[in-house]
There are 2 protein chains.
Amino acid sequence: MSDAEYVSIWMRPERPARGPKPAYSRAQITEAAIRIADTEGLEAATMRRIAAEIGAGAMSLYRYVPSRDDLIALVADRLMGEIDVEGMPSGDWRADLTRYANEVRAMWLRHPWIATVHRSLPGLGPNQLRLIERVMGTLDAHVPIDENLGLMAILTGYVEGTVREEVSAAEELRRSGLSESEWMARSSPRVRQLLESGEYPIFTKIVMEARRPHLSRDEQFRYGLERVLDCIAAALPSTAGPESENPPNP
Amino acid sequence: MSDAEYVSIWMRPERPARGPKPAYSRAQITEAAIRIADTEGLEAATMRRIAAEIGAGAMSLYRYVPSRDDLIALVADRLMGEIDVEGMPSGDWRADLTRYANEVRAMWLRHPWIATVHRSLPGLGPNQLRLIERVMGTLDAHVPIDENLGLMAILTGYVEGTVREEVSAAEELRRSGLSESEWMARSSPRVRQLLESGEYPIFTKIVMEARRPHLSRDEQFRYGLERVLDCIAAALPSTAGPESENPPNP
DNA sequence: CTCCACTGGGTACGTCGTACGCGGTTATGC
DNA sequence: GCATAACCGCGTACGACGTACCCAGTGGAG
């Protein structure tokens, strides 16, 4: 629909110039939404609930934000702001990317509900942009931009993919409103059925491993991350840093 | 809530034994939901809309499915069924994983809205389980299960991460109801602002690259996939297959 | 002082998932 | 063959959602 008034949230100024002083702010609203989402899940962060959280009427929020979707975009970018990439690129790309990966994971674990917001393609928010500049900047000196994008896709794919899996169990649990033991009691009949059928040997191994894991989640993550970084190292020309001996690529 | 009647959708039989013959079926309902989602997006697949699609009353669906969430779980597993992993493991793990990756990507491109459903941790649906057995089976002969899980996390993370990005632009577009040119016209002011500010050199490079890409999306995907497979190869013991020491290149 | 662009917010509408219960239909126990 | 209970499809209704619209009040610009 050609809605002539449409402007991206990132271009829309917080408030027009004239008129009385506003009682609230985008930052305050965003913060309230995050606070609610952290404790009750993102689906509990309704417009009415957020407004109540800051002591406003529901419709007042629309003076600050055009729609709930735009508010979620603000929230997502605010979360990106929690990822500390200060001082990047430092010159040591491997250290930079390791720090970045751990920061992203930590943020996701703090705000598991982030898994339920489907990113709008180029975030284009200030924090998202800052991340792009800092993080992709670490490889920018070594590879052309298209290859940089390809390698970053591997890294962020790994990080988000694994942490998404870590987090979705906890989310599922919270959504269902069950305690962990209740949840186990409910899913275990299905698991037991599958184990006893004998048709799923690999799944059986996975369950056994999950019951007595060799590595903690942190260690698992770090192990995979090292693999991914090795993979990136192999794709870099040999001038690329302290530890690199592999042949370069076209 | 200790809702004593809860049973997982995968354990709940389609219909009880007694009573008159049912007019519809889970498969039919699932199919209708997918048909609607394919043409109008997942959010258009409401219970009423799905019921109308098969000529039923809205509430009739609840005779077949306990809730919309469970229906979505059915839909997701049905989509997994589109991923052809017949004949895996074949003995050539690299060929198997390449095929798997391409199948997953093709499925996502056929059903972009799949990006908006957040997976419940262990799908435990029949097709999901079949995938686990076949795909993880390809590395099972070479590595212990915990390492297999780690390597798979890298592969699926890469595949889902990249295709999610490919797809979310199209989804964003469809959701907004805009034509591509309208969408460009609306986001370009922000992009132009960013380019002209001069503060985002990397972002600028990305935009330039996007305007005249060196590689097609398919080629980008295949390039990254080869890198990931190299990475997996490096983690495998040397007994692991036909081509296991030197990575070939395009 | 007047004006009016702005404020916060109450009311109301359309849509969603779905609880509940109805009259009709059918497989089962006698 | 027949009563009965189990199951059918589905109409109605409820509470919650996002948000369009409208209003009375406010405070800076002229």
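Worth knowing before you read on, the calculation uses all heavy atoms, side chains too, and leaves out hydrogens, waters and symmetry mates. Residue numbering restarts at 1 for every chain, and letters A, B, ... go by the order of the sequence lines.
For the pair A/S60 and B/D69, both in contact range of DNA chain C, the more 5′-proximal nearest nucleotide belongs to A/S60.
The distance between atom CZ of B/R68 and atom C1' of C/dT15, rounded to the nearest whole Å, is 12 Å. What separates CG of B/D70 from C1' of C/dT18 is a distance of 13 Å, to the nearest Å. Put simply, CZ on A/R49 is 19 Å from C1' on D/dT19, counting in whole angstrom units. When rounded to the nearest whole Å, the span between CG of A/L61 and P of D/dG18 equals 10 Å.
With no hydrogens or angles considered, no side-chain donor-acceptor pair links A/W10 and A/D77 at under 3.5 Å. There is no side-chain donor-acceptor pair under 3.5 Å between A/Q220 and A/R217.
The nucleotide whose nearest atom lies closest to any side-chain atom of B/R48 is, among D/dT19, D/dA13, D/dG9, D/dA13. Comparing C/dC16, D/dG9, D/dC21 by their closest approach to the side chain of B/T46 singles out C/dC16. Side chain of A/Y62, nearest nucleotide from C/dG17, D/dT12, D/dG18: D/dG18.
Taking the six-membered ring where tryptophan is involved, the planes of B/Y158 and B/F221 are essentially parallel, since the angle between them stays under 30° and well short of 60°.
The shortest distance between the side-chain N/O atoms of A/R63 and the OP1/OP2 oxygens of C/dG8 is not below 4.0 Å.
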Would you please test A/F203 and A/L195 for side-chain contact (heavy atoms from CB on, under 4.5 Å) and show each step? CA-CA 8 Å; A/F203 176 75; A/L195 295 184; 4.2 Å; yes
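If you check every strand for non-hydrogen atoms under 4.0 Å, B/A56 touches sugar and phosphate atoms only.
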